[in-house]
Each structure stands twice: as C-alpha cells, then as structure tokens.
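Worth knowing before you read on, the calculation uses all heavy atoms, side chains too, and leaves out hydrogens, waters and symmetry mates. Order of listing sets the numbers, starting from 1, for every ligand and every atom in it.
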Amino acid sequence: MRVATMGRFSMPVMCFAVLCLWTAVAEAEYVKYKDPKQPLSVRIRDLLGRMTLEEKIGQMTQIERKDASRDVMKKYFIGSVLSGGGSVPAPKATAETWMNMVNDLQKGALSTRLGIPMIYGIDAVHGHNNVYKATIFPHNVGLGVTRDPALLKRIGAATALEIRATGIQYAFAPCIAVCRDPRWGRCYESYSEDHKIVQAMTEIIPGLQGDPTATRKGVPFVAGKTKVAACAKHFVGDGGTVKGIDENNTVINFNGLLSIHMPAYLDSIQKGVATVMVSYSSWNGKKMHANRDLVTGFLKNKLKFRGFVISDWQGIDRITDPPHANYSYSVQAGVLAGIDMVMLPENFTDFVDDLTFQAKNNIIPMSRIDDAVKRILRVKFIMGLFENPMADLSLANQLGSQEHRELAREAVRKSLVLLKNGKSTNKPLLPLPKKAPKILVAGSHADNLGDQCGGWTIEWQGLQGNDLTVGTTILTAVKKTVDPSTQVIYMENPDTNFVKSNKFSYAIVVVGETPYTEFFGDSLNLTIPEPGPSTIKNVCGAVKCVVVIISGRPVVVEPYVAQMDALVAAWLPGTEGQGVTDVLFGDYGFTGKLAHTWFKSVDQLPMNVGDPHYDPLFPFGFGLTTKPRREV
Ligand code: GLC
C-alpha cells in the first residue's frame, strides 16, 4: 500500500501538523474575556489581568466629542466619550450622521491591543434632547406631577430607542435630585420636593435599561441593543443646597440626608442602574467629589452599588476653590473618594499624566485603579458592548417617531395642574368651548417652541423661537383644536383697548420663564419676566382669560391670580404642545397634582410639605380636576 507523501513527509503526518497548527492558532485567538459564554467574573478577571496601567487609565478617561478622533481613541486607550450639552457632529445632524461619528470613534477603540469598546454618553434628560427632530418630553418637574411610574417607564423605553437610533449607548439620566428650594436653577430637573415621588419616578430606569426582574442576571443591568446605560444623578443632596444656589452647600444632618436625598438611590440600585454621577455640591462643607465616606463607604460598600461612578463635567477640577488650583490633589481626592470614570471636557491628557504618575508612585494604589476598571468593564460586559460595539441604522426611524410624540403628548396632558377655574366656583371657565366667534391667544410663550422646551434642548441653555427642532407650539395646537368657524387672533402683548374693542369670547394667555440650565437658572426673586405680567393685566382685565404658565418651577403669581379666571401650570412641556390644548378644550380632563409647593412669596423659601410653618398659595398635592367633555 503506497502512502501518499508530500516531499519528505507522509500525508497523515502533514494532516496532523496542520491540525496542531490550526488548534494552536485557534487557542491563541481564544481569550476568555471575549467569550460571552464565560461567567462575567471570569471575563472581567481575564481582561483586567491582561491590561497595562495605560490601558486601565484609558478606561477611566471620558473625553468630550470635540477632542475625540479615531487616533486619540487608539493612542490613549480611551474608554468613553461624551457630548456635552449642544455638542453635536453638525447642526441639525441626522441619526445617520450621529451614528457614523460614534462608529468611527468606536473603530478607534476597537483597534487597540485588547479591543475594549468605548461607551458614548449624552444628556438625554427629557428625550434625546441634543438631537434635531428627537421627541422632547416634559421636563421632570412636570413628570413628577403625573405620579405615573408606568408612564415614566414607557418614556424611558422610547428615549432609549431614540438614543440608540443615533448609535449612542449611555444617558446621563435620570436626575433624581429632590429639589427643596425652587430658587435652584435645576429645580425643573427634579421630579419633586417629596422623595417618595422621586423614588417612584425611578421607574424610568428600567425603561431606559430594561427590567432586571425579568431576568436572573442581577444588577447592574442593561438589556441590550434597544436599551442604554442610565445614570442616577447627582449623588448626593444636589437639590438641597442653601437658597438653591447651584453647586453650593447642602447643610443637613446625616439623618436628613438619608431620609430626603438618599432614598431614590436605593431604588435606582435595586432597579439596576448602571452608573451614578457625583454632585458638584458639598455636604456640610465637604465636596461630594472628594467624599470617600459617602461615595465609597456608603454608595459602594453599604448600598452595594456595583456599577461605575462617574464625575460631573470638570467635577474633580472643582474640588478646589478656585477650580484646577491643585490638580494633583483633585485627581487624588476624586479617584480615592471612589470616582471610577472622570468626565474630562478639557485637558484630558493632564488627567492621564497625573493619574499615571500617582499610580506608578503608589500615591493612588493599584487596587483603587483596578476597582474602577472592574466596574467600568462590568457595565460594558453586561450591556453586551463587546458583542455589539457597532451601531446600525435599524432604529433610525425611532427618532422623533409619531408613536413617541403621542406618548409625549400624553405625558404633557398628565403633567398639567389646574390651579384656578372660574372666579366663582359655579362658573368654571375650563374646559373652553371649541366653537366661539373669535378668541384671543396672547403671551410671549404662546408661539415659542424653545420656551416650551426649556433648557437642555438642542443647546445646553436651550433656545428660543421655532427653528430649533420639530414640534407643535401651543398657538398651533389651539388652531388645530378649535372649530374651523372659530377665528383665532394671536397677539403677543396686546393693550387693553385692543382686547376690549375686539369683543373676544375668551383669551388664552401663555407666559413664563425663558430657557435656562444649571446655575444660569438660579433666581432669588422667581418673578415672571416682562412682558408676562403686563400681558396678564392687559388681557385678563378686559376679557375672560385662562393663564398658562410655562416655567421650570413655581414662580411669583400671587399678585395676578385674582385677575385670572383660570390658571394652569404647564411647566416645560416640550415639543408636543397639543397636550396642553387636549386638556384646555376638554378632550381630556385635568388630573395633575402639584409635586412642588407653590409659594405665596419668595420670602417664605425654603418651604416644603411637612414643614411646621407651611402657608403656600397652592399646597403640595393640590390640583383641580375637570371631566373630559364627552363625559360631561
Ligand atoms: C453638567 C451637569 C450634568 C451633566 C454633565 C454632562 O455640568 O451637571 O448633569 O450630565 O455636565 O453634560
């Protein structure tokens, strides 16, 4: 029997050699951390064990989009990128443009030695609000009024789809601040002054991330390609600062901190929140970004939070006063406090260099670095980022979908609070008749999409006017809702003679605050900017009027209430203005109840439900109701 040969070797020998080579190659390519069938702990341990110090520090580094490129991702092993408010790849960028940008940066991350995917974060705090044509939901100040956790879960799910439509996998939301003083510029980001409402509204987290109770995977939990990692923020006590001064000092004893500002973090962790962002503020004079007892001792060790902790924007820089005064101290204090990922919108190489030095000189122990990286890897593994790092256009049609806009419209309806209805109880003005000869719509905010969306919309500080994105103003909604025979006249700030001479059946006056974000919104007087008050006086002094207040919080209305026939708090409703007219005209009833106390005067502040001296204009929980017209 002749044996086939190849040169000096028999065929069986060659086959064996090829098999060995193939096995060796296969084994060389097989690494545990890349195998989704391996237990999570094995994957983390295997990958961590392969990482250099530079690769570990890269995972702790989150840079801003403006500094990011494929080369930078590769050179510095960058683990995360963010868009700050208004940081977009192009004006009115499409979902595809967003996705291509994210995928390009991801290719840079994947081209590194270990191919660890990066995670891209953005402030999607009332819908995917940086993105043109996204559905803009009511801000949290209105959502707390709904007292509808199931609605919040649906909003979270819709928002996650719109975020993923753009290729992004991480939202810096929800803000679970408990706003204890409406003078705080971020009070509209808070669901309520009552922590129990804030706790209930954490149901948005399983909406954003998926529901951990539906699986046996434990927490943190992110379901996959239609969900995003969420971020409970800002830990802890951000809404309790003195006089509501943003980023300032929360003076309260430990029991008060635990009973008011901490409970929603327990709910968030139980619901699987993947990340927690630290607050700029201080607790009794100690900066939260340097507070190891609370960040590590309490959040990580006591509450067993196993996701990762992220700093705020230049949060470690602001540990010192002035900021960046002693950067090495800031890096040391922040990382040793328990911050795992550092948000570095500027000078990220300073952080990389400084942390590298402190780690190599054991000023910051490698155990702390490893804990941070383990947490970051845990989130990336559990959300399937290693298996699905690249985005595609399969969800592009979710951005601003009609279904999501209908959901937002429902949320607007449920967020409205009817504070007054008729100058005498037996003559309510609302619901308004759709059929009338001629009606007046007045006020600076009646035809202004930017005003009704508020801050964190397209730009960090929001915008005014109607060119910022796609939506429906309240004026447009009125015109769509009334009978075709009803003449609708719009004038922003009419004088009394104009109003009287036109003999309107009634008037809708829409006034309020102009957009603001963070410290730009801090206010000690909480007055409605002119010409709002003048418009109220001119119109309501001449014709039956309903006043709709667009604001991020309770504002000064006491001096004008007597002139009004009806008063509605609409907060910051977002793009779907039709939700306001749905209720004004009786297609739906008013159901909302105040989630923030409405003060008489700012001299009373801070004043919250349960306080011994409680004398509000409209108390927490107040809200008149109306029946839908079809039921009348
Ligand atoms: C901001 C805010 C924070 C936001 C972050 C990124 O300063 O404090 O809520 O998530 O920076 O934009």
Side-chain angles (χ1 to χ4, degrees), residues 61-68 80-88 119-131 139-141 159 163 166 168-179 184-191 198 204-205 208 228-241 244-248 250 261 264-265 268 273-282 287-289 307-319 323-324 334 339-346 348 454-462 515-522 552:
T61 304
Q62 181 183 70
I63 65 174
E64 216 283 335
R65 180 198 61 82
K66 66 179 175 28
D67 294 329
S80 184
V81 183
L82 87 144
S83 274
S87 179
V88 300
I119 187 168
Y120 196 109
I122 197 166
D123 291 281
V125 295
H126 62 139
H128 199 8
N129 44 260
N130 279 292
V131 176
H139 267 297
N140 291 352
V141 64
T159 303
I163 295 168
T166 59
I168 293 171
Q169 322 99 340
Y170 178 20
F172 304 130
C175 176
I176 55 174
V178 181
C179 173
W184 186 37
R186 306 193 72 165
C187 207
Y188 67 76
E189 297 184 64
S190 169
Y191 294 111
V198 179
I204 194 168
I205 292 171
L208 286 163
V228 296
C231 180
K233 68 182 187 180
H234 312 77
F235 186 82
V236 64
D238 51 346
T241 58
I245 301 168
D246 191 35
E247 303 188 20
N248 206 261
T250 296
H261 299 284
Y265 284 93
S268 299
V273 75
T275 75
V276 169
M277 186 183 294
V278 179
S279 178
Y280 286 125
S281 57
S282 300
K287 287 279 186 176
M288 279 308 306
H289 273 74
F308 69 77
V309 173
I310 187 168
S311 80
D312 204 331
W313 176 285
Q314 293 185 310
I316 64 168
D317 304 64
R318 298 181 198 179
I319 288 173
H324 217 89
I339 291 170
D340 304 310
M341 183 181 283
V342 179
M343 191 181 285
L344 296 154
E346 306 295 342
F348 75 89
W456 289 115
T457 310
I458 305 300
E459 290 292 347
W460 178 45
Q461 290 296 318
Y516 53 79
T517 301
E518 300 188 49
F519 43 84
F520 287 99
D522 285 2

- Residue portion contacting ligand 1 (non-hydrogen atoms closer than 4.0 Å) for Arg186: side chain
- Query: When only distance counts, is Tyr280 in polar contact with ligand 1, meaning an N/O pair under 3.5 Å?
  - Reply: yes
- Message: Under 4.0 Å from a heavy atom of Trp456: which atoms of ligand 1 are those, numbered in the order shown and with their elements?
- Response: 12 (O)
- Message: Tell me if a side-chain donor or acceptor on Tyr120 pairs with a main-chain N or O of Arg65 at a distance below 3.5 Å.
- Response: no
- Message: Under 4.0 Å from a heavy atom of Lys233: which atoms of ligand 1 are those, numbered in the order shown and with their elements?
- Response: 3 (C), 4 (C), 9 (O), 10 (O)
- Message: Tell me if the centroids of the rings in Phe172 and Trp456 come within less than 6.0 Å of each other.
- Response: no
- Query: If you measure every N/O of Asp312 against every N/O of ligand 1, is any gap under 3.5 Å?
  - Reply: yes
- Salt-bridged, Glu247 to Arg186, with N to O below 4.0 Å? no
- Parallel, tilted or perpendicular: rings of His289 and Tyr280 (30°, 60°): parallel
- Counting from 1 in the order shown, the ligand 1 atoms closer than 4.0 Å to a non-hydrogen atom of Trp313 are 7 (O), 11 (O)
- Near Met277 (heavy-atom distance under 4.0 Å), the atoms of ligand 1 are 3 (C), 10 (O)
- Numbered in order shown, the ligand 1 atoms found under 4.0 Å of a heavy atom of His234 are 3 (C), 8 (O), 9 (O)
- Item | Thr166 versus His128, side-chain donor and acceptor atoms under 3.5 Å | yes
- Item | Sidechain-backbone polar pair: His324 side chain, Gln314 backbone, donor-acceptor under 3.5 Å | no
- Message: Angle between ring planes, Phe519 versus Trp460, binned at 30° and 60°: parallel, tilted or perpendicular?
- Response: perpendicular
- Message: Tell me the contacting part of Phe519 for ligand 1: side chain, backbone, both, or neither, using a 4.0 Å heavy-atom threshold, strictly below.
- Response: neither
- Item | ligand 1 contacted by Glu518 (non-hydrogen, < 4.0 Å) | yes
- Selection from Asp123, Asn130, Ile310, Asp238 by shortest heavy-atom distance to atom 10 (O) of ligand 1: Asp123
- Query: Atoms of ligand 1 less than 4.0 Å from Phe172 heavy atoms?
  - Reply: 10 (O)
- Query: Do Glu64 and Trp313 have a side chain donor and acceptor closer than 3.5 Å?
  - Reply: no
